[in-house]
Asks: 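Okay, handing you the structure first.
All ligand and atom numbering here is 1-based and tracks the order in the structure.
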Amino acid sequence: MFFLQNGMRLLRYVRASYKCRCKSNAPLSTLKNKLKQGPGLKEFIVNSSEVPEVITHPPHIPYLPDNIQNTSKRRVYFDVYGCQMNLNDTEIVWSILKNEGFEKTEVEEEADIFLVMTCAIREGAENKIWHRLDHLRGFKNRRALSKNRNNPVKIGILGCMAERLKEKLIEKEKAVDVVAGPDSYRDLPRLLALTESGQTAVNVLLSLDETYADVVPVRLNQNNISAFISIMRGCDNMCTYCIVPFTRGRERSRPVSSIVDEVRHLSESGVKEVTLLGQNVNSYRDVTQPTEKFDTHLAEGFKTVYKNKKGGLRFADLLDKVSSVDPEMRIRFTAAHPKDFPDEVLRLVRERANVCKSVHLPAQAGSSAVLARMRRGYGRAAYLRLVQRVRAAVPGVGLSTDMICGFCGETDEEFEETLSLMDIVEYNVAFLFPYSMREKTTAYRRYKDDVPESVKKERHSRMIELYRRKCQKLNDAEIGNVHLVLVEGVVPKTGQIMGRNEFYIKVVFDQTEIPSEEGMRRAQPGDYVGVRIVSARCSVLTGVPLYHTTIREFYKEYSWGERAALRI
Ligand code: SAH
Ligand code: SF4
Ligand code: F3S
């Protein structure tokens, strides 16, 4: 089985190289050399069994001819699906393409290339993308028959679904010209150039060290006052339900210096909020920095599937540096896996006024048996102890979670434990999902997707109902309190101003002039405003703006803990 699996992988790479050979007209000797430079059997053995297929980032991409000229100076239309990492990845792609002279458009009719940044996390997420591809195929066919037919449309599929389906995407969706996985975006100009002569091009190699650290992402919307920064890529956790380790490869961290430089650059260009992204920010390690060797903190009841990291700068070191760049820039981070949450990070959340007092602590389930089947590395009791520790360290902290219902073998009693955990913890924000079986995962191989769809649906509705009731209660308790709101823009329908509070909950208020240091003026995107909450729904608070302020001014009088205790 082992050799069969690895043999299949090898075959796939050989097929990928063969594809390019047909099209490049390169002499056979050159191609043999290229094959030699590609991944050998060693890489496949090293990365066999449960870990996803990865190879060390090659000095150059081995399967493409070198003589490709980047003749394209064409207009690209981006479609982004999936998580915030995909948004940041799209900005990396746009930076790479812009550098090569490509242009960007938001008008479909003007586009020559459609790049779809995809997600594979659940079947539903992929279905949305298949629908979009139906539309794009129609668009491509119409262009081929129009008077503009000399300018054919190209379609590229990027991201996690590209990595999951690889060449199968082209076989299934004939209109697709390029398939590029999350670690091959540097190669996109060449892949796109290959399509100029009607070829298809695939690069789905995963890397051990690609972090795009030297690529400065170009923001798709320059007016946004907030930005996302990927501080690491991949995931080594191998939760049994999750496709991410297979689509994004092994975990690797971007050096602190490159992240801090980016934050500084964003601050100088007027960005007021950055969210640091990783599948588990607590396992961040910048190993390019020599440091003392300390162990990963694992509290009682928590374990991890991979070896503890010993040296390098940790997430606490990064958060310390990032939050020191600009005291008026809000810092958020996500996701924080419960298994290795260190006290140093909690201390920074409490002490730094500009680090938002909200922690995304995905529980996934409330039953220890389900959590064990999910291979989360903790049980119910350990998770609840962590919640207490977080609340003790940062009084008034907002908590958010992800929850899955209907995982393999989940009984009614086990599901009730998920509801009771949600009841006890009282999350301010929750992302709730019915389980969706993904090929390749351990659950796919080991368990049965035996909870009927109707039961998953019913459990999902019950989670949503409980969550809404709980967050309504929490939000009602905020009526009368003054929140620090970072203004994002205007609600198109109502003309009201929209911003977000510390917990990332939307706050809306009417446009009026309010006092500032320079006199009375209206709120603009990027302003901090003190807003008294007057009414609440689950996902949005309504308030009355009181004054313009700054983070430091707002928290001058009381520390966060005192404010939370006084319920100001
Ligand atoms: N690294 C993050 C999660 C990223 S994926 C973390 O560990 O928190 C985002 C969320 O999608 C997960 O937290 C999980 O709740 C959900 N998810 C992942 N795989 C899923 C699946 N197969 N079916 C349903 N939901 C899933
Ligand atoms: Fe998926 Fe688990 Fe990694 Fe999150 S920590 S990305 S849920 S494998
Ligand atoms: Fe989806 Fe990939 Fe993000 S599967 S959730 S886009 S990491």
Asks: Do Val345 and Phe333 come within less than 4.5 Å of each other through their side chains, counting heavy atoms only?
Replies: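 Val345 vs Phe333: side chains touch.
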Asks: Output the list of atoms in ligand 3 that are nearer than 4.0 Å to some heavy atom of Asn86, sorted by atom number.
Replies: 6 (S)
Asks: Under 4.0 Å from a heavy atom of Gln279: which atoms of ligand 3 are those, numbered in the order shown and with their elements?
Replies: 7 (S)
Asks: On the 0 to 90° scale, with breaks at 30° and 60°, tag the Phe114-Phe139 ring pair as parallel, tilted or perpendicular.
Replies: perpendicular
Asks: Under a 4.0 Å N-O cut-off, is there an ion pair linking Arg254 with Glu262?
Replies: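 Yes, charged N to carboxylate O under 4.0 Å.
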Asks: Using a strict cut-off of under 4.0 Å between a residue heavy atom and any atom of ligand 1, list the qualifying protein residues by chain and number.
Replies: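 Contacting ligand 1 under 4.0 Å are Ile121, Arg122, Tyr241, Gln279, Ala335, Pro362, Gln364, Arg376, Asp402, Ile404, Phe433, Pro434, Tyr435, Ser436, Arg438.
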Asks: Which ligand 3 atoms are under 4.0 Å away from a heavy-atom of Cys160?
Replies: 2 (Fe), 4 (S), 6 (S), 7 (S)
Asks: Partners of Thr105 by side-chain hydrogen bond (donor to acceptor under 3.5 Å, both in side chains), sequence neighbours excluded?
Replies: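 With sequence neighbours excluded, Thr105 shows a side-chain hydrogen bond (donor to acceptor under 3.5 Å, both in side chains) to Glu110, given in chain and number order.
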Asks: When you measure from atom 3 (Fe) of ligand 3 to each heavy atom in Cys235, Ala120, Gly234, Cys83, which option holds the nearest one?
Replies: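 Among Cys235, Ala120, Gly234, Cys83, the closest heavy atom to atom 3 (Fe) of ligand 3 belongs to Cys83.
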Asks: Does the pair Glu465/Arg469 count as a salt bridge with the N-to-O cut at 4.0 Å?
Replies: yes
Asks: Side chains of Ser368 and Glu417: closer than 4.5 Å at any heavy-atom pair?
Replies: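 A side-chain contact is absent here, since even the closest heavy-atom pair is not under 4.5 Å.
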Asks: Closer than 2.8 Å to atom 2 (Fe) of ligand 2, what protein N/O/S atoms do you find?
Replies: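 Protein N/O/S atoms under 2.8 Å of atom 2 (Fe) of ligand 2: Cys239 SG.
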Asks: Is Asp286 reaching over with its side chain to a backbone N or O of Leu313, donor-acceptor style, under 3.5 angstrom?
Replies: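 Not a single qualifying donor-acceptor pair exists.
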Asks: So, using side-chain hydrogen bond (donor to acceptor under 3.5 Å, both in side chains) as the criterion, who are the partners of Ser539 when residues are at least two apart?
Replies: none
Asks: Does the distance from a Lys or Arg side-chain N to an Asp or Glu carboxylate O, for Glu416 and Arg380, drop under 4.0 Å?
Replies: no
Asks: May I ask you to list the atoms of ligand 3 that are less than 4.0 angstrom from any heavy atom of Cys119?
Replies: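 Listed by number with element: 1 (Fe), 4 (S), 5 (S), 6 (S).
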Asks: For atom 7 (S) of ligand 3, which candidate among Met85, Gln84, Arg248, Arg438 provides the closest heavy atom?
Replies: Arg248
Asks: Under the 6.0 Å and 45° cation-pi test, does Arg389 pair with Phe341?
Replies: no
Asks: Is it true that Glu100 and Arg190 have a side-chain N and a carboxylate O under 4.0 angstrom from each other?
Replies: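 No salt bridge links Glu100 with Arg190.
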Asks: For the CZ atom of Phe228 and the CG atom of Leu276, what is their distance to the nearest 0.5 Å?
Replies: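 If we round to the nearest 0.5 Å, Phe228:CZ and Leu276:CG are 11.0 Å apart.
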